[in-house]
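This report concerns only the one structure given below.
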Amino acid sequence: MSTTSKAPSPPPPAHAPIDEGATFAYPKDLDIPGHETRHDQGSRKTRTLKTFSMEGKVCVVTGAARGLGNMFARTFVESGCSKLVIIDLRQEDADKAAAELVADFENQGEVEKGEIECLGLGCDVSSEPAVQAAFAQISAKFGGVHVLVANAGIVANYPALEYPAERMKQLFDINVHGVFYCAREAAKIMIEKQIQGSIVLIASMSANIVNYPQPQMPYNASKAAVKHMAASLAVEWAQKGVRVNALSPGYMLTALTKAVVAPHVGMLESWAEKTPMGRVGDPEDLKGAIVYLASDASKFTTGSELVVDGGYSII
Ligand SMILES: NC(=O)c1ccc[n+]([C@@H]2O[C@H](COP(=O)([O-])OP(=O)(O)OC[C@H]3O[C@@H](n4cnc5c(N)ncnc54)[C@H](O)[C@@H]3O)[C@@H](O)[C@H]2O)c1
């Protein structure tokens with residue numbers, strides 16, 4: 001009989017520090033949110049289909065302190081949303097992004113002072129209790145959630161033969177489990193408050209194709225999981241008034257990807273060359289897609305994947 005007692009399982013790894021070189025680490029001197037906000041995209045006075053309006057909807061975007069998530073949050077404001085939540089890993093980053101968003105729209109004269117309420121929440125989406133606490137706080141403040149964009153995600157590149165197991169677990173904790181925890185908490189609120197809600201899971205064209213030459217097996221597998229998670233949740237929640245769809249971007253030239261490709265001569269050109277449209281995506285190329293999926297314009301669309309990749313994955 002063995003006398004060895006079973007050691008308690010180690011705590012999950014912290015995921016903020018990731019070796020540069022193995023991952024798309026955010027450049028420390030890059031003082032912009034990951035995209036350029038343009039204020040020349042029309043106003044609410046523009047005549048447009050009303051079902052695309054985000055007016056009256058409480059929108060929550062994870063990983064929205066920068067990059068595509070920040071652009072999604074701003075796009076909702078451009079489309080009429082005035083109550084939104086920016087979730088990101090660190091409270092200070094979320095607060096800063098929320099304050100900057102409000103100030104930008106107010107300073108441009110696009111909204112009245114005080115018209116936009118934007119709550120910044122520090123929350124690690126890979127922690128189920130942290131996600132539960134964040135959504136309880138959102139529900140208490142805004143009385144419900146109409147839209148969730150589960151966008152927070154990471155990528156790290158190692159050849160599969162050398163991929164550190166802890167890194168793979170970490171990536172799945174954020175990209176897969178974190179997306180699920182957020183979707184489930186949002187859906188609970190939508191169902192309880194009888195809100196016709198829309199949940200958009202940010203997958204990637206990597207759900208369908210293998211990126212080359214960069215080795216990123218866990219990322220690709222995680223995005224395939226996200227895509228099928230959207231379809232599976234859509235079926236479970238279809239009769240409860242909650243729609244779930246996946247949005248799959250191709251290569252998007254965010255401030256981050258610009259910095260990442262800068263040292264690799266020819267990488268950007270090779271991505272563009274493999275894209276039938278002959279270029280990589282501008283984050284703005286996702287604006288119509290995110291508003292379509294989040295708004296009532298897509299009210300009979302659930303379980304689908306909207307791929308926005310310039311045709312990359314069809315050849
Ligand atoms: N940029 C692209 O070309 C591209 C293409 C396809 C898919 N995507 C997907 O779009 C999403 C956003 O990508 P991006 O390029 O804007 O990335 P990004 O790194 O610029 O932004 C991601 C944000 O998520 C936050 N985050 C990371 N881990 C978190 C956690 N555990 N809890 C809460 N927040 C966390 C980060 O702090 C950051 O603000 C990701 O899911 C990514 O996989 C991006």
Side-chain angles (χ1 to χ4, degrees), residues 23-24 62-63 67-69 71-72 125 148-160 163 167-168 171-180 182-183 198-238 243-254 256-257 260-261 267-294 298 300-315:
T23 187
F24 284 2
T62 70
L68 299 181
M71 188 271 298
F72 293 143
V125 298
L148 164 70
V149 180
N151 163 83
I154 61 165
V155 61
N157 297 348
Y158 298 91
Y163 214 104
R167 287 288 164 83
M168 176 151 172
L171 189 142
F172 269 73
D173 275 347
I174 299 168
N175 289 17
V176 181
H177 306 149
V179 164
F180 173 61
C182 292
S198 172
I199 296 177
V200 184
L201 310 186
I202 303 302
S204 167
M205 68 173 178
S206 310
N208 307 305
I209 56 98
V210 174
N211 305 70
Y212 186 81
Q214 64 273 37
Q216 49 181 58
M217 175 279 290
Y219 179 83
N220 299 342
S222 77
K223 292 302 182 178
V226 167
K227 174 186 162 180
H228 208 52
M229 189 192 303
S232 307
L233 295 179
V235 171
E236 283 203 38
W237 298 339
R243 298 184 295 109
V244 189
N245 291 286
L247 173 58
S248 287
Y251 288 119
M252 291 291 142
L253 201 50
T254 55
L256 170 60
T257 39
V260 166
V261 296
M267 190 182 250
L268 189 58
E269 290 73 12
S270 114
W271 289 350
E273 199 185 303
K274 289 183 192 137
T275 306
M277 289 185 76
R279 66 173 177 90
V280 297
D282 182 316
E284 300 245 334
D285 294 328
L286 297 171
K287 287 187 165 202
I290 197 70
V291 172
Y292 169 69
L293 291 176
S298 60
F300 197 51
T301 301
T302 198
S304 73
E305 180 196 26
L306 180 46
V307 181
V308 182
D309 68 352
Y312 189 102
S313 49
I314 49 168
I315 57 168

Distance (rounded to the nearest 0.5 Å) between S222 OG and M217 CE: 10.0 Å

Side-chain donor or acceptor of T257 paired with backbone N/O of M252 under 3.5 Å: yes

Step-by-step side-chain contact (heavy atoms from CB on, under 4.5 Å) determination, S206 to Q216: CA-CA 9 Å; S206 310; Q216 49 181 58; 3.9 Å; yes

Shortest non-hydrogen separation from S204 to K223 and the atoms involved: CB-CG, 3.7 Å

Passing option when N211 is tested against W271, Y251, Y219 for side-chain hydrogen bond (donor to acceptor under 3.5 Å, both in side chains): Y251

Side chain to side chain, F180 and L233, heavy atoms closer than 4.5 Å: yes

Any donor-acceptor pair under 3.5 Å from D309 side chain to P249 backbone: no

Pairwise side-chain contact, N208 with E305, heavy-atom cut-off 4.5 Å (strictly under): yes

N245 (side chain) donor-acceptor with S304 (main chain) under 3.5 angstrom: yes

V226 vs I202, side-chain contact (heavy atoms from CB on, under 4.5 Å): CA-CA, chis, key distance, verdict: CA-CA 8 Å; V226 167; I202 303 302; over 6 Å; no

Flag, side chain of K227 to backbone of S248, donor-acceptor distance under 3.5 Å: no

Parallel, tilted or perpendicular, as decided by the 30° and 60° cut-offs, for the rings of Y158 and Y163: perpendicular

Close side-chain approach of S298 to R243, heavy-atom, < 4.5 Å: yes

Heavy-atom closest pair, residues I154 and L171: O-CD1, 3.8 Å

Least distance between heavy atoms, P283 atom then L68 atom: CB-CD2, 3.9 Å

V280 to A272 - nearest heavy-atom pair and separation: CG1-N, 4.1 Å

4.5 Å side-chain heavy-atom contact, I174 and V125: yes

Intermediate values then yes/no, side-chain contact (heavy atoms from CB on, under 4.5 Å), M277 and D285: CA-CA 13 Å; M277 289 185 76; D285 294 328; over 6 Å; no

Worked verdict on F72 versus V200 for side-chain contact (heavy atoms from CB on, under 4.5 Å): CA-CA 11 Å; F72 293 143; V200 184; over 6 Å; no

Donor-acceptor under 3.5 Å (T62 side chain, A152 main chain): yes

Straight-line distance of T254 OG1 to D282 CG, nearest 0.5 Å: 10.0 Å

Closest approach of G310 to T275 (non-hydrogen atoms, all atoms of both residues): O-CG2, 3.4 Å

Residue pair Q214 / N157: nearest heavy atoms and the distance that separates them: CB-ND2, 3.6 Å

Any side-chain heavy-atom pair of L253 and L268 under 4.5 Å: yes

